[in-house]
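For this chain, numbers begin at 1 and follow the sequence in order. The figures here come from the full heavy-atom set of this structure, side chains too, leaving out hydrogens, waters and symmetry mates.
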Amino acid sequence: MQLKLPPAPADETMQLRLPEPGMFESPQEQSKPGGRGRRKAPRPSVLARFTAVAGSRLAPFAPFASRLRPEYPRPGRTDWRRWVPSWRQSLGAVGLAVGASGMLLTAAYAATDIPDDLNTFATQQDNVYFWSDGTPMARTGWVRRQAMPLKDVPEDVRWAVLAAENASFYSDPGISVSGITRALVRTVGEGDTQGGSTITQQYVKNVYLSQDRSLGRKFDEAMIALKLDNKMSKDKILEGYLNTSWFGRGTYGIQRASQAYYGKDVSDLNVSEAAVLASLLKGAGLYDPSLGKANHERTVERWEWILDRMVDIGKLSKAERATYTKFPEPIQQSNQYDTGKQSDYLVRLASQYAKKAANVTDQEFDRGGYQIYTTFDKDRQTELTDAVTKARKDVRKDDPKKAKSAHFGASSVDADGRILAVYGGPDHRKQGFNESNATTVPSGSAFLPFVYAAGLEHGVVKERGGEATPVTPATVYDGNDAVPVTTPEGPYWDRDGDQVSAHNDGKKSWGPITLHDALAGSVNTPFMQLGMDTGLGRVRATAEAAGLLSSSLGAQVPALSVGSATPSAIRMASGYSTFAAQGRHTEPYSVRKVTHNGSKVALNNPKPKRAVGAEVAAEVTSALTDAYRADHPTSPGAASFEVAAKGGTTQNDKAAWYVGTAKDVSTAVVVYRIDLAKSLEPLRLDGIAGTPNAGIPYDIWSSAMSIG
């Protein structure tokens with residue numbers, strides 16, 4: 001049985017009607033705000049919204065786009081021609097590719113930021129130290145680089161580099177499309193990594209990026225170079241490039257390269273020498289002429305090409321070019337900047353002083369770029385080093401066992417405060433401390449001139465609270481051995497309850513003796529009493545004013561007057577130089593000038609100050625002159641010019657000194673023994689230093705002072 005429907009009227013059609021929104025909701029639900037009758041449609045995706053907007057904007061171009069749409073196989077064509085796009089389609093594809101590439105590059109350029117921080121390696125420089133005559137002494141730092149302002153680089157030198165690397169530098173946008181293309185091709189093989197880059201790109205690679213040859217790095221390099229070219233002046237980019245490029249021989253930057261290859265600053269280069277340095281930028285391993293015959297031939301060829309290229313771009317006249325026919329041979333590599341042995345002691349002294357005087361932090365100094373012009377005299381340093389080296393050799397020969405614990409400290413200081421030479425030890429890399437700057441052993445009778453100066457300057461007080469009475473060179477004191485030391489109240493007793501007495505060398509008694517003669521004869525007992533009469537506080541103050549450090553003076557007891565203080569050789573020489581400077585003292589200093597990348601740095605160098613009166617200084621010098629002449633009557637120095645010097649012995653034979661001045665230069669030499677493996681307590685010399693006035697300290701002193 002079938003159910004038959006009546007046929008639909010001819011004018012009617014069947015329609016499927018969807019329920020209207022809210023049809024099945026209650027009136028209450030429909031009336032609610034936000035009810036299901038008001039449900040929002042899902043938010044379209046970013047891509048959908050972009051497509052909708054782009055579609056409305058591009059709608060006018062739809063007919064044209066439909067023509068470009070390829071139809072394959074093409075209607076109306078036969079054979080292979082059915083598959084060849086029309087010219088419209090080809091043009092459209094090219095345009096689309098160009099447009100997409102342009103959009104990509106524009107987006108990449110907008111997204112590229114110039115890094116805030118330069119590579120640490122690109123900013124690291126070395127510090128260079130010079131002798132007093134301006135010749136190189138040493139360098140420190142793991143990168144040999146010194147940045148130079150572009151203004152200090154001659155224009156001919158700049159254009160030699162530009163001719164070799166990037167003649168269109170001042171007109172290009174910072175990149176070379178053809179060069180980048182060539183460089184990208186080279187990344188799959190071996191080739192010149194710089195040939196495809198502008199100077200701006202090379203600079204970007206040096207200071208912002210790594211040195212790898214990947215496509216990603218090359219793209220980053222180009223983007224940063226474009227942006228940098230818009231934000232930085234061409235001169236600044238060129239300056240940075242010249243200061244960060246590798247030139248071989250361990251050098252970065254054209255200043256260090258100039259010094260390494262021609263032994264001169266970049267400001268002194270001529271265009272021919274500059275062309276040689278410019279050739280190194282193509283690869284120092286291939287173009288350093290000292291590395292072999294093939295290198296030499298390549299360098300000469302490129303040198304000629306660079307000079308010719310400078311003529312072609314109008315930066316060198318043909319007439320001047322014709323004068324450069326002989327290849328300017330670079331100097332051989334040298335170790336003139338390398339530190340080691342004695343120069344390490346000098347560098348350490350100079351660096352410590354430079355940082356303090358220039359108010360430079362350790363961190364700033366370690367970044368490098370400083371040129372430190374020291375006060376060290378190369379000839380005097382050589383003389384002093386040779387003299388001590390010979391003495392050490394002699395001691396090892398005569399007494400090998402004791403020689404193992406022997407130490408030698410020495411220094412020469414000018415009357416104006418300049419430290420001219422020091423002997424710090426056999427090798428700084430094996431012995432970390434500087435023997436010329438060590439406050440280790442007592443000064444002994446070498447301290448007597450400071451007691452004499454204090455007495456002459458301040459007078460003596462014999463009664464407690466009484467007035468000071470003057471002291472003259474002719475004032476007589478008891479020169480006998482074991483004379484008890486007295487105060488206005490009576491004998492002086494130490495903490496153990498023992499009466500303190502002074503002793504002379506060899507316990508010799510001299511009887512009544514003038515102070516002048518006591519100093520000339522190195523008689524101790526008058527000066528221990530003179531120190532008490534003058535006041536140990538005044539003795540201490542006079543020694544400090546003359547140059548000795550307060551920290552080395554020790555306890556303020558009678559033994560101070562006979563050398564319980566432990567000054568360094570540098571400070572002892574500085575103290576004697578005060579007498580040579582007519583009583584005016586200048587703190588010893590080791591640096592006369594500091595520059596940073598060629599710019600002068602302000603230094604707080606010491607100024608002379610009055611320590612004792614000129615007449616007092618002259619009398620001390622006179623007594624020391626007599627001391628020298630009495631001990632060395634046949635020495636050329638005794639007759640040819642004034643020498644003021646004396647030996648110094650210490651209690652228990654713990655050290656031997658010789659200190660003196662000639663021609664305004666004071667030198668102090670000390671010999672002592674310490675077994676560092678056991679303790680810091682000085683040992684007896686037991687004769688290895690010889691006699692006080694004719695032993696090893698004197699031999700070193702006379703050689704260093706060039707006095708036979």
Side-chain angles (χ1 to χ4, degrees), residues 148 150 153-172 174-176 178-180 182-183 186 191-206 211 221 225 229 234-235 237-249 251-262 266-291 294-318 320-330:
M148 290 294 286
L150 191 64
V153 180
E155 193 169 345
D156 282 346
V157 177
R158 302 181 216 170
W159 277 106
V161 172
L162 293 175
E165 294 292 305
N166 188 185
S168 62
F169 169 73
Y170 279 101
S171 59
D172 65 38
I175 64 170
S176 167
S178 61
I180 291 175
R182 291 194 303 272
R186 288 192 182 100
D192 175 16
T193 59
Q194 291 189 341
S197 302
T198 64
I199 277 179
T200 306
Q201 289 174 263
Q202 293 181 49
Y203 174 62
V204 167
K205 180 178 65 174
N206 288 344
Q211 300 296 313
E221 174 190 298
D229 193 78
K234 289 287 190 179
D235 281 349
I237 294 173
L238 179 59
E239 178 182 292
Y241 172 73
L242 291 175
N243 285 324
T244 57
S245 294
W246 164 253
F247 285 87
R249 297 194 179 184
T251 63
Y252 288 83
I254 199 162
Q255 167 70 355
R256 276 290 170 272
S258 178
Q259 293 169 338
Y261 286 88
Y262 288 104
V266 65
S267 58
D268 297 325
L269 288 177
N270 61 41
V271 68
S272 180
E273 295 164 337
V276 175
L277 297 186
S279 69
L280 297 168
L281 293 167
K282 195 170 178 63
L286 295 173
Y287 288 90
D288 183 345
S290 68
L291 298 181
N295 270 32
H296 193 279
E297 292 174 353
R298 274 191 295 267
T299 309
V300 171
E301 181 180 354
R302 187 157 179 81
W303 165 74
E304 291 177 337
W305 178 84
I306 292 173
L307 292 176
D308 292 340
R309 178 68 171 154
M310 291 183 70
V311 174
D312 293 340
I313 63 177
K315 297 302 177 182
L316 185 67
S317 68
K318 291 183 178 180
E320 187 176 1
R321 170 65 182 92
T323 63
Y324 298 119
T325 57
K326 183 178 180 181
F327 181 73
E329 296 287 351

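Between A164 and A278, the closest heavy-atom pair is CB-CB, 4.0 Å. Across all non-hydrogen atoms, the minimal contact from P330 to V276 is CG-CG1, 4.3 Å. What you find for A163 and I313 is that their closest heavy atoms are CB-CD1, 4.0 Å. Closest approach of K234 and T200 over heavy atoms only: NZ-OG1, 4.3 Å. Considering every non-hydrogen atom in both V266 and M148, the closest pair reads CG1-CE, 4.2 Å. T244 and Y203 make their closest contact through OG1-CD1, 3.9 Å (heavy atoms, listed as atom of the first residue, atom of the second, distance).
In this view, E329 and H296, F327 satisfy the side-chain contact (heavy atoms from CB on, under 4.5 Å) rule, not counting sequence neighbours. Considering only residues two or more places apart in sequence or on other chains, L162 meets the side-chain contact (heavy atoms from CB on, under 4.5 Å) condition with W159, F169, Y170, I199, L238. Applying the side chain to side chain donor-acceptor pair (under 3.5 Å) rule to R158 yields no partners; only residues at least two apart in sequence or on another chain are considered. Considering only residues two or more places apart in sequence or on other chains, S290 meets the side-chain contact (heavy atoms from CB on, under 4.5 Å) condition with R249, D288, Q332. Taking the side chain to side chain donor-acceptor pair (under 3.5 Å) definition, one finds that Y324 meets it with E320, sequence neighbours left out. Partners of N166 by side chain to side chain donor-acceptor pair (under 3.5 Å), not counting sequence neighbours, listed by chain and number: S168, D172. For R302, the salt bridge (Lys or Arg N to Asp or Glu O under 4.0 Å) partners at least two apart in sequence or on another chain are E165. In this view, T323 satisfies the side chain to side chain donor-acceptor pair (under 3.5 Å) rule with no residue, not counting sequence neighbours.
Using a 4.5 Å heavy-atom threshold, the side chains of P154 and L269 count as separate.
Rounding to the nearest 0.5 Å gives a distance of 8.0 Å between OG1 of T251 and CG of L280. How far CG of N270 is from OH of Y262: 8.0 Å, rounded to the nearest 0.5 Å. Rounding to the nearest 0.5 Å gives a distance of 5.5 Å between OG of S245 and CG of L281. Here the NZ-OG1 distance, from K282 to T299, works out to 12.0 Å after rounding to the nearest 0.5 Å. For the atom pair CG (N243) and CD1 (I254), the distance works out to 9.0 Å, reported to the nearest 0.5 Å. Of the inter-residue distances, the one linking L242 atom CG with Q255 atom CD reads 11.5 Å to the nearest 0.5 angstrom.
A donor-acceptor pair under 3.5 Å is formed between the side chain of Q201 and the backbone N or O of T198.
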### Message
Using side chain to side chain contact (heavy atoms under 4.5 Å, CB included), reason through S272 and W303 one step at a time and then give a plain yes or no.
### Response
CA-CA 8 Å; S272 180; W303 165 74; 3.1 Å; yes
Table please: side-chain donor-acceptor pairs of residues 304-311 below 3.5 Å, with sequence neighbours left out.
residue, atom, partner, partner atom, Å
D308, OD1, R321, NE, 2.9
D308, OD1, R321, NH2, 3.4

